[in-house]
Amino acid sequence: MIFDVICNELKRRVPSDEYARYIIPLKFLERPSKSNLIVLEAPNPYIALYVENRYGHIIADFFEKESGTRPVVRIKARNAEGKKSAEFPSISENQSIKSTALNISYTFDSFVVGHSNKFAHTIAKALSENLGSAYNPVVIFGGVGLGKTHLLQAIGNAVQAQKKIVTYRKCENMLNDFIEHLRLQTMDRFREQYRNCDVLLIDDIQFLSGKENFQEEFFYTFEELHSRSKQIVLTADQPPKMIAGITERLKSRFMWGQIAEIQPPELETKIAIIKIKCEIHKINLANEIINYIASKLDNNVREIEGVLNNINIYCSMLGRVISLEVAKDILKNYLKDKLENITIDNIASAVAKEMNCKIAEIKSKSRVKKIVTARNMIIYLARKLTQNSMPLIAEYFGMKDHSAVSHAHRSITKTVDNDADFKLKIDALASKITEKGEK
Ligand code: ADP
Ligand code: MG
């Protein structure tokens, strides 16, 4: 039964007294087949709010890991007639809920600093030591799995240690709160929760896109906090000015302060991150294996963690120390799964777009330099990213035999080896295609 599995996962990750108090009383209500919603029931609104804030992400993580899509986790309170209002937490209880919603392992100490995230890290540290003064607001942006949430929560944990009031919320959950308070006509409580704090941390503000009423409320929250010099820190998956469907006045506020990008980690940073994760999860890996994983996996740190997790499960099941061969095997399967969705067509469209030419031209017999390069790039990427054989690739281009494909492959591989700029370009294209193929 799925709920038992979730409970086991929570048991591992939740302190035992909290587990007995908050998790055992939960009831699994539904997971409607096509919706992305998981609903659990708690005995009262206090436990519901507490579990959703503090442990909702563990449940969501778990499902994401199992099914590949991240669900929205809702914890509803059981309808206990007559008792409802009495069981709502008082404002002071409510405050302790807000302040405990952070993952305590996301600290500055456990965050590896490298070239790719140095600026964002410096700003984050500086603002947590000097709230609301130099940089306000701060927006941290970057791709998936690059450490934005980690850094945002590290700020929260550091500020909380100074006994200041922190409100951390994923933007999506803030929207849910907004809708719920509107429905219950308790907007004053919503405002109390989001405005009565020393620092407001909102994760993934791209979620504001297209939600006009919510943006309006967000705007007033922002104005009020900012005018009282309360610190605001936001994260987004792209630069704020690029997020579509956000009003200009809100965008302009986001750009008042400091914007910091996190880029994909370079090899050394990846190695350092793997080491720290191994330490945290008590996984024992030889350096050559760590280097191997870092060099094979691209840049999404969450993905790297997933692989470590697999290795860990494998080792503990077999009671073995992991060897390089086993790590290679696990990684091979992992990369194969990831690449299975990619076709030559995907690659051809990406290359055509990049090279600004038409697929029909590439498939023609044209010997124009740009077209030949595009053709060779497709051959190179098809060999790298798909299981297609040379004859299959030849068939795609309507060639009679595959020796021309082999020849083109040798020639382009030489270019990639000798021309660093070209290598960068084709690697970036490969990452773009791989990301799309994953969806
Ligand atoms: P994002 O919010 O950008 O999608 P997360 O903050 O959720 O990414 O990071 C994904 C995982 O990778 C987390 O477990 C986080 O701890 C880890 N991670 C990312 N960057 C770093 C880093 N520089 N140092 C340590 N861990 C990191
Ligand atoms: Mg995040």
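Each ligand, and each atom within it, is numbered from 1 in the order the structure gives. Side chains included, hydrogens not; waters and symmetry mates left out as well; all remaining heavy atoms used.
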With [X] as the cation and [Y] as the aromatic partner, state whether NZ or CZ is under 6.0 Å from the six-membered ring centre and within 45° of the axis.
X	Y	value
Lys328	Tyr292	yes
Arg249	Phe219	yes
Lys211	Phe207	yes

Next on the checklist: Looking at ligand 1, would Pro265 count as a contact under a 4.0 Å heavy-atom criterion?
Outcome noted: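 Not so, Pro265 does not reach ligand 1.
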Checklist entry - With a 4.0 Å cut-off on heavy atoms, does Gly145 reach ligand 1? => result yes
Checklist entry - Any sub-3.5 Å donor-acceptor pair from Asn312's side-chain atoms to Leu308's backbone N or O? => result no
Next on the checklist: Between Lys230 and Leu200 (side chain of the first, backbone of the second, donor and acceptor by atom type, cut-off under 3.5 Å), is there such a pair?
Outcome noted: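 Judged by distance alone, no pair lies under 3.5 Å.
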Item to check | Thr149-Asp203 side chain donor-acceptor pair, cut-off 3.5 Å | outcome: yes
Item to check | Modelled atom types, side-chain donor and acceptor of Thr343 and Asn346, under 3.5 Å | outcome: yes
Check ligand 1 against [X] and write out every atom of the ligand that is under 4.0 Å from a heavy-atom position of the residue.
X	value
Asn117	23 (N)
Lys277	14 (O), 15 (C), 16 (O), 17 (C), 26 (N)
Ser110	24 (N), 25 (C)
Phe111	21 (C), 22 (C), 23 (N), 24 (N), 25 (C)
Gly147	1 (P), 3 (O), 5 (P), 6 (O), 8 (O), 9 (O), 19 (C), 20 (N)
Glu305	11 (C), 12 (O), 13 (C), 14 (O)
Gly143	3 (O)

Checklist outcome for this item: for atom 2 (O) of ligand 1, nearest protein heavy atom and its distance come out as Thr149 OG1, 2.8 Å
Checklist entry - Taking the six-membered ring for Trp, are Phe111 and His150 parallel (under 30°), tilted (30 to 60°) or perpendicular (over 60°)? => result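 Because their plane-to-plane angle is over 60°, the rings of Phe111 and His150 count as perpendicular.
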Checklist entry - Parallel, tilted or perpendicular: which describes the rings of His226 and Phe222, with under 30° parallel and over 60° perpendicular? => result parallel
Checklist entry - Do any nitrogen or oxygen atoms of Ile273 lie less than 3.5 angstrom from nitrogen or oxygen atoms of ligand 1? => result no
Next on the checklist: Between Thr149 and the Mg ion (ligand 2), is there a contact where an N/O/S atom of the residue lies under 2.8 Å from the metal?
Outcome noted: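 So Thr149 does bind the Mg ion (ligand 2) by this criterion.
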Item to check | Heavy-atom proximity to atom 20 (N) of ligand 1, best of Val112, Leu146, Ile140, Asp109 | outcome: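 Selected option, by shortest heavy-atom distance: Leu146.
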